[in-house]
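Each chain gets a letter, A, B and so on, in the order its sequence line appears, and its residues count up from 1. Hydrogens, waters and symmetry mates are skipped; everything else that's a heavy atom, side chains included, is used.
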Amino acid sequence: MDKTYQPEQIENRWYQRWEDNGHFAPSGKGDPFSIMIPPPNVTGSLHMGHAFQDTIMDTLTRWKRMQGNNTLWQVGTDHAGIATQMLVERKVAAEEGKSRHDLGRDAFTDRIWEWKQESGGHITRQLRRMGASVDWSRERFTMDDGFYKAVQEVFVQLFDKGLIYRGKRLVNWDPTFETAISDLEVENTEVDGQMWHFKYPLAGGETYEYIEKDADGNVTLRETRDYISIATTRPETMLGDGAVAVSPDDERYAPLVGKLCEIPVGPKEHRRLIPIITDEYPDPEFGSGAVKITGAHDFNDYAVAQRNAIPLYNLMDRKAHMRNDGLSYAESAALASRAARGEDIGSVDEINLVPTELRGLDRFAARRQVVEAVTAEGLAVTTPDEAGQEQPLVEHKKLMQPFGDRSGDVIEPYLTDQWFVAVEDLAKPAIAAVENGDIEFVPKNYENMYFAWMRDLQDWCISRQLWWGHRIPAWYDTEGKVYVARSEAEARERYGIAADVPLSQDEDVLDTWFSSGLWTFGTLGWPEQTPALETFHPTNVLVTGFDIIFFWVARMIMLTLEFTGEVPFKQVYVHGLVRDGQGNKMSKSKGNVLDPIDLIDGIDLETLVEKRTGNMMQPQKARAIAKATRQEFPQGIEAHGTDALRFTFLSQATTGRDIKFDIGRLDGYRNFCNKLWNASRYVLMNAEGQDCGTSPDGQGDEVELSLADRWIVSRLQQTEAQVTRAMQEYRFDHASQALYEFIWNEYCDWYLELSKPVLWDDEASAQAQRGTRRTLVRVLETVLRLAHPMMPYISEEIWQRVAPLAGTSHGEEDSLMVQPWPQADDSRIDEAAERDIEWLKGVIVAIRNIRAELNIAPGKPLTAMLTKGDADDRRRLDANRRFLAKLAKLESIDWLADADQAPLAATQLVGDLEVLVPMAGLIDKEAELTRLAKEIDKQDKLIDGIEKKLGNESFVAKAPEAVVQKERDKLDDLSTNRRLLVEQRDRIAAL
RNA sequence: AGGACCAUAGCUCAGUUGGUUAGAGCGCCACGUUGACAUCGUGGAGGUCGGCGGUUCAAAUCCGCCUGGUCCUACCA
């Protein structure tokens, strides 16, 4: 073995071998265990979140596989509609200077398929680097024919059940992608906005008495008005107003209800009149208390319009430009005014209420023009400025504005024909499944989040006006009548449409999450009743981030229950977000992204800086990021290997909490790998070619197990139990910590050291040496199995060399991957050995302490004595003299029968036992007195505390006897210790 | 506005049903290359467990309030 651990040399070859040997496919004889990978974007690349999540899934999968379960980790990728279309659209624009419209639908989707072909392997290669033991033979893609079939089937069946419908509704519209998006894809962000106040003149110049009162009913304002005042943040939508609404309880406007007012924009001769109505929606306390109702451009207004039969006038096109189609403004305005008076005017689609001069303008440009025009006309509400001049009232305030999560564009509520899933009936069983425990969230508090969302669910808009995705299986005849079926042929057959009647398929595609929602059963072959479906569904656990519970988890539960009658998974393990060391979200624009592959392979500083700032548009920001990067990683990032990265993730994986990725811990766990590596070197150096008492025929295997052997085996059982339990509880931090502590603090720090006196002592018996060698290799072999789910590469590499020596062959297989998971054996727990080793460690540490306190060179041989102990102490001394001498670097250590005969010595207590190191010629009198004074003081404080406690009658009366006794024992120990220290102090002072 | 979660050593975090002298890793200080390992060893310093109040014989742990932070949901034209 090489002297230092070099992960890059072992990782790639092992993955290849595992994959080639088919170790990832289900093969266990036990119960099925299955996990579905949350399918990453097929053209994406692996980020820290993936790496974290995949580590958890792989650890679970490997663990279950070793436990003998018939284990499937199903892998696949997602077509990721918007994200992929956007990417390829940009690429085509950059490389060919063409838009997707220039290419046309077929050519453009061909480009996406080409891009998938070209880059689709990237993320799967990265998954392999992480060691993910997914079954590649079952890899799926959401746009595969087979998966498409499942998607179609679900759509058709939901439609037939009346759970999918098509209709004209107000939806969130992304003007950049020119598609509807779901509520979830909208991010509300606070922005600086303005609110304008405008006067809507009353029809026919009518006036009324406007009276404002304070809380006590005293009149604070009384004036005659010929207008009603409204406030708006979106003046350009005034053109589509259908009414002005006031609260039914608002006395100020009571006289106006039922009358008409005029929208103060557009050519004067065609200004529209709209009714003043009452509705519960307006809040009299806010603004003027009167709200303009624009049903086609605002969700709240839409609801008011529905309740009051107010017409909806669409003002914009798909790009959120002011419409430039339909009837002329004059005709439109005339029709709309008739509607306002209650006349039936039929369809409003052709009505375009955008005045000629605004047609075709961007919505924000139109907004500016409307504000200018209204203000110029003197119809802005004014307020005096500091100089007493009347100025238009424009409030600058924070607004929550909706943005598309992908495009970053301002989302427009937009009236269009879309397909929807009626969720109410689907949600009920989905809620029940979590309530009754069929599905369990880990940690549990995410269930509340789930319930809250599920109980207030809106119908799900599933159609997208994109080109990349599953085309909606619906066909239209020339009259626009819709036929849903699995194919055009089926549509004709089902609905009896003659072959000569032309049908055209719906242009839209389905929301990506609609297909992702079928992931657990679609990947297993549904709608066919395949053996895989039978065996592996429902899956055992879904490992996912909380940010995706609504998008994905909830919809999977609904759709899976509906179509399979089963839950998709029994547990949902929810992990946190991977953040940077400061707790910030990692993002390209912040320039704080770490690439898991760079952490594995290392990256030099300049390349890292280039990576973070390469495509950055603003040079100033790029410089700041470069500076921060140089500061954080002055030497770049060195190679750590996959195992160290995985171990870091696991150690930080505490439930339901974001992780701040700590590169210091990554270094630490790389060192841990190195420690394991070197410990193994030691074991191999001492065991290879030697008699380990593990011959296959059992001949000549007589062994004698030392105290240390029995102890480490005992500790191993406990570690096995701890790690197993932690895994069951998804406490990967505890599992990794238990392993770390056992390997480093027990096996390396103590057991290996204790093995040296046996192996290197010519007088040690062959049986004893055999016993120690056997324990060395068998414990290591077991610990490698324990480590394997967490650190697959290094464990496999070392196991290959250790397993033959351990003689614990578990079958023909040559890989750790198919070895059994260690099972704790309580009969091998040896409490007496543990107590003896604790004693041994105590004495050694005591001597080391004395050495450090007296500033004695670590290598200087010392003489030590033990006294005041009991028969056990004597027995232990006699049995372990060799070990004490070696580990504490002693010339000799002996029993002193009469403590009064002790020479002046540094003293430490181990239980009742006193450990003495004679101090002749070693002592610095003043320093020692100071130290002792400090130590006595410390003891006094502790004694004080306990005495107070024991002096408290209610403590003695009410606390359990065991607790009281424990305190008494403690007091005893402390008092003895203190007395000793005082004696010591007096003796030294007397020198 | 409603809700969730978090606050423990300089940093990143453990701390199970209340009873420990409150732990680990990294960092820091001192000493040390004996034959697995300087990606190491030995020893050490460092914490009024965010604040206040309560329950209890006993609170980092349970309850209430407050402060600070993160996030989610819903939003007022």
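With A24(B), C71(B), C13(B) as the candidates, the nucleotide lying closest to the side chain of Q737(A) is A24(B). Of the listed nucleotides (A14(B), U20(B), A77(B)), A77(B) has the atom at the smallest distance from the side chain of K292(A). The Q652(A) side chain lies nearest to U12(B) when the options are C57(B), C76(B), U12(B). Residue K660(A) places its side chain closer to U12(B) than to any other of G19(B), U12(B), C57(B).
Taking atom C1' in both C49(B) and A22(B), one finds a spacing of 8 Å when rounded to whole Å. Separation of the P atoms belonging to G23(B) and U48(B) is 15 Å when rounded to the nearest angstrom. Here, G41(B) and C26(B) have their P atoms 9 Å apart, quoted to the whole Å. For C11(B) and C5(B), the P atoms lie 25 Å apart once the distance is rounded to whole Å. Rounded to whole Å, the separation between the C1' atoms of A60(B) and G3(B) comes to 26 Å. Here, G51(B) and G69(B) have their C1' atoms 15 Å apart, quoted to the whole Å.
Counting any heavy atom pair closer than 4.0 Å across all strands shown, D283(A) reaches a base atom. Among the heavy atoms of the strands lying under 4.0 Å from R731(A) are primed sugar atoms or P, OP1, OP2 only; no base atom is included. As judged by a 4.0 angstrom heavy-atom cut-off over every strand, F661(A) is placed among residues making no nucleic acid contact. Looking at heavy-atom distances under 4.0 Å, L399(A) makes contact with sugar-phosphate atoms alone, never a base. Within the 4.0 angstrom heavy-atom criterion, no nucleotide atom of any strand lies near K948(A).
The aromatic rings of Y450(A) and F441(A) lie tilted to each other, with the angle between the two planes from 30° to 60°. Between F546(A) and Y446(A), the two ring planes are parallel [angle under 30°; tilted spans 30° to 60°]. In this pair, W744(A) and F672(A) present their aromatic rings parallel. The plane angle is below 30°, not in the 30 to 60° band.
With 3.5 Å as the limit, one finds a donor-acceptor pair spanning the side chains of E741(A) and Q737(A). No hydrogens or angles considered: nothing links the side chains of T772(A) and Q769(A) as a donor-acceptor pair under 3.5 Å.
Side-chain nitrogen and oxygen atoms of T232(A) include none within less than 4.0 Å of the OP1 or OP2 phosphate oxygen of A77(B). Between G19(B) and K970(A), no contact under 4.0 Å exists linking OP1 or OP2 to a side-chain N or O.
A58(B) atom C1' lies 10 Å from atom CD of E967(A), rounded to whole Å. Rounded to a whole Å, the CG atom of L577(A) is 17 Å from the P atom of U12(B). Between the CD1 atom of I946(A) and the P atom of U21(B) there is a distance of 6 Å, rounded to whole Å. Distance CG (N445(A)) to P (A4(B)): 10 Å, rounded to an integer number of Å. Distance CG (N188(A)) to P (C71(B)): 15 Å, rounded to an integer number of Å. Rounded to whole Å, atom P of U12(B) lies 12 Å from atom CD of E632(A). Across the protein-nucleic acid pair, Y740(A) atom OH and G23(B) atom P stand 18 Å apart, rounded to whole Å. Rounding to whole angstrom units, CG of residue N448(A) and C1' of A4(B) are separated by 8 Å.
When both pairing distances are held under 3.5 Å, A1(B) makes a Watson-Crick or G-U pair with U73(B).
The main-chain N or O of A639(A) is never found under 3.5 Å from a side-chain atom of D601(A) such that the two would form a donor-acceptor pair.
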Could you run through nucleotides 33-44 of chain B and give me one letter per nucleotide, 5' to 3': B if any protein heavy atom sits under 4.0 Å from the base, S if only the sugar-phosphate is that close, - if neither?
-> -B-BB-BSSSSS
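To the nearest 0.5 Å, atom CG of residue L312(A) and atom CG of residue D298(A) are 11.5 Å apart.
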